[in-house]
Amino acid sequence: MTFTVLARDTRRGLIGAATASRSLAVGASVVAVDPAVGVAASQAWTNRSLRGRLLTAMREGRTAVEAVASVPAWDDGHALRQVAALAWDAPGAARSGESITAWAGQVTTTDAVFVGNLLTGSEVLEAMAEAWSRGSGEADAELADRLIEVLRAGERAGGDARGRQSSALVVASPEDTVVDLRVDDHDDPLAELTRLRALSAMPVEVPSASR
């Protein structure tokens with residue numbers, strides 16, 4: 001029901017996640033960030049608490065691979081869950097339960113993880129991974145903009161088989177969350193997310209003091 005990317009920009013020292021879905025308010029339930037640790041996602045028949053469990057496990061020293069592998073021990077409904085995690089270093093990881101509605105799957109690269117379920121097909125994640133790889137050569141591209149473009153590539157390839165409704169974007173430095181945007185209900189959520197991202201990137205004008 002959702003397609004999601006977790007990724008890090010090692011050149012700028014940023015990590016983030018972006019997600020889109022034909023469900024209401026995907027940003028409220030799917031992705032989470034801990035600036036000191038990394039990012040996590042829980043989707044399909046979503047168990048929101050798994051995001052916190054994954055981030056806590058990584059904060060305690062487990063790798064993303066080890067944290068994701070622990071999900072069956074944490075959740076009796078793990079067959080219905082799709083989760084992903086990415087820390088500031090080491091490979092990211094994802095897991096798709098065997099009872100998730102097809103098409104579902106995941107792709108992992110050096111600095112990114114792509115996951116989706118109830119998609120039109122594997123081409124969605126393939127297009128997302130390709131867009132991420134293509135953007136890695138653009139030295140001036142901000143992580144937030146690259147993540148949106150990854151979602152756009154997934155949508156162009158078919159996206160959520162049911163259509164579209166919401167999207168979200170979060171980016172953090174090691175000290176703080178620097179971008180946190182959500183589109184909860186919109187006919188074209190990625191267009192609206194792009195508009196909000198452009199607004200967030202505009203410099204804030206501070207009125208001069210009265211004389």
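Side-chain atoms of R12 do not come within 3.5 Å of backbone N or O of D9 as any donor-acceptor pair. With hydrogens and angles ignored, the 3.5 Å screen pairs no side-chain donor or acceptor of T56 with any backbone N or O of R53. Q82 places no side-chain N or O within 3.5 Å of a backbone atom of A104 that could act as its donor or acceptor partner. E60 places no side-chain N or O within 3.5 Å of a backbone atom of A57 that could act as its donor or acceptor partner. In this structure a side-chain-to-backbone donor-acceptor pair under 3.5 Å is present from S42 to N47. A distance-only check finds a donor-acceptor pair linking the side chain of S173 to the backbone of E175 [under 3.5 Å]. For the pair S167 (side chain) and P189 (backbone), a donor-acceptor distance under 3.5 Å is present. At distances below 3.5 Å, at least one donor-acceptor pair connects side-chain atoms of R8 with backbone N or O atoms of A87. Judged purely by atom type and a 3.5 angstrom limit, R81 uses its side chain to pair as donor or acceptor with the backbone of W45. The backbone N or O of A131 lies less than 3.5 Å from no partner atom in the side chain of S133, so there is not a single donor-acceptor pair.
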(Q) If you apply the rule side-chain contact (heavy atoms from CB on, under 4.5 Å), what do you find for V5 with V113, and how did you get there? (A) CA-CA 6 Å; V5 53; V113 182; over 6 Å; no

**Request:** Check the pair E98 / I100 against side-chain contact (heavy atoms from CB on, under 4.5 Å), numbers first and verdict last.
**Result:** CA-CA 6 Å; E98 59 271 21; I100 295 174; over 6 Å; no

- Task: May I have the step-by-step check of side-chain contact (heavy atoms from CB on, under 4.5 Å) for N117 and W103, ending in yes or no?
- Result: CA-CA 6 Å; N117 62 90; W103 188 90; over 6 Å; no

task: Step by step, work out the side-chain contact (heavy atoms from CB on, under 4.5 Å) result for V26 and D184.
output: CA-CA 7 Å; V26 66; D184 288 344; over 6 Å; no

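With a 4.5 Å cut-off on side-chain heavy atoms, S200 and L181 count as touching. Taking the side chain as every heavy atom from C-beta outward, R197 and E142 approach each other to under 4.5 Å. No side-chain heavy atom of V170 sits less than 4.5 Å from a side-chain heavy atom of V179.
Taking all atoms of both residues into account, the shortest heavy-atom contact from V83 to V71 is CG2-CG2, 3.8 Å. Heavy atoms only, all atoms of each residue included: A127 and A157 are closest at CB-CB, 3.7 Å. Taking all atoms of both residues into account, the shortest heavy-atom contact from L151 to A18 is CD1-CB, 3.6 Å. Looking at every heavy atom in both residues, L196 comes nearest to R182 through CD1-O, 3.9 Å. Contact record, M58 with A67: CG-CB, 4.2 Å, taken as the closest heavy-atom pair.
Residue D188 holds its CG atom at 12.0 Å from CZ of R195, rounded to the nearest 0.5 Å. Taken from OG1 in T194 to CD1 in I148, the straight-line distance is 4.5 Å, to the nearest 0.5 Å. Atom CG of L147 is separated from atom CG of D145 by 9.0 Å, given to the nearest 0.5 angstrom. We find the OG-CD distance between S166 and E192 to be 12.5 Å, quoted to the nearest 0.5 Å. Atom-to-atom distance recorded for T46:OG1 and R51:CZ is 8.5 Å, nearest 0.5 angstrom. The distance from the CZ atom of F3 to the OG1 atom of T19 is 7.5 Å, given to the nearest 0.5 Å.
Counted by atom type alone, T4 and Q43 present one or more donor-acceptor pairs between their side chains at under 3.5 Å. A donor and an acceptor atom, one from each side chain of R164 and H186, are nowhere located under 3.5 Å apart.
Residue W88 places its CH2 atom among more than 12 non-hydrogen atoms of other residues, nucleotides or ligands, all under 6.0 Å distant.
When the side chains of ILVMFWY residues are joined at heavy-atom separations under 4.5 Å, either directly or via intervening members, L169 and V178 end up in a single hydrophobic cluster.
In summary, E149 and R146 do not engage in a salt bridge, as defined by a charged side-chain N under 4.0 Å from a carboxylate O. In summary, R162 and D160 engage in a salt bridge, as defined by a charged side-chain N under 4.0 Å from a carboxylate O. Remark: R134 engages E130 in a salt bridge, criterion side-chain N to carboxylate O under 4.0 Å.
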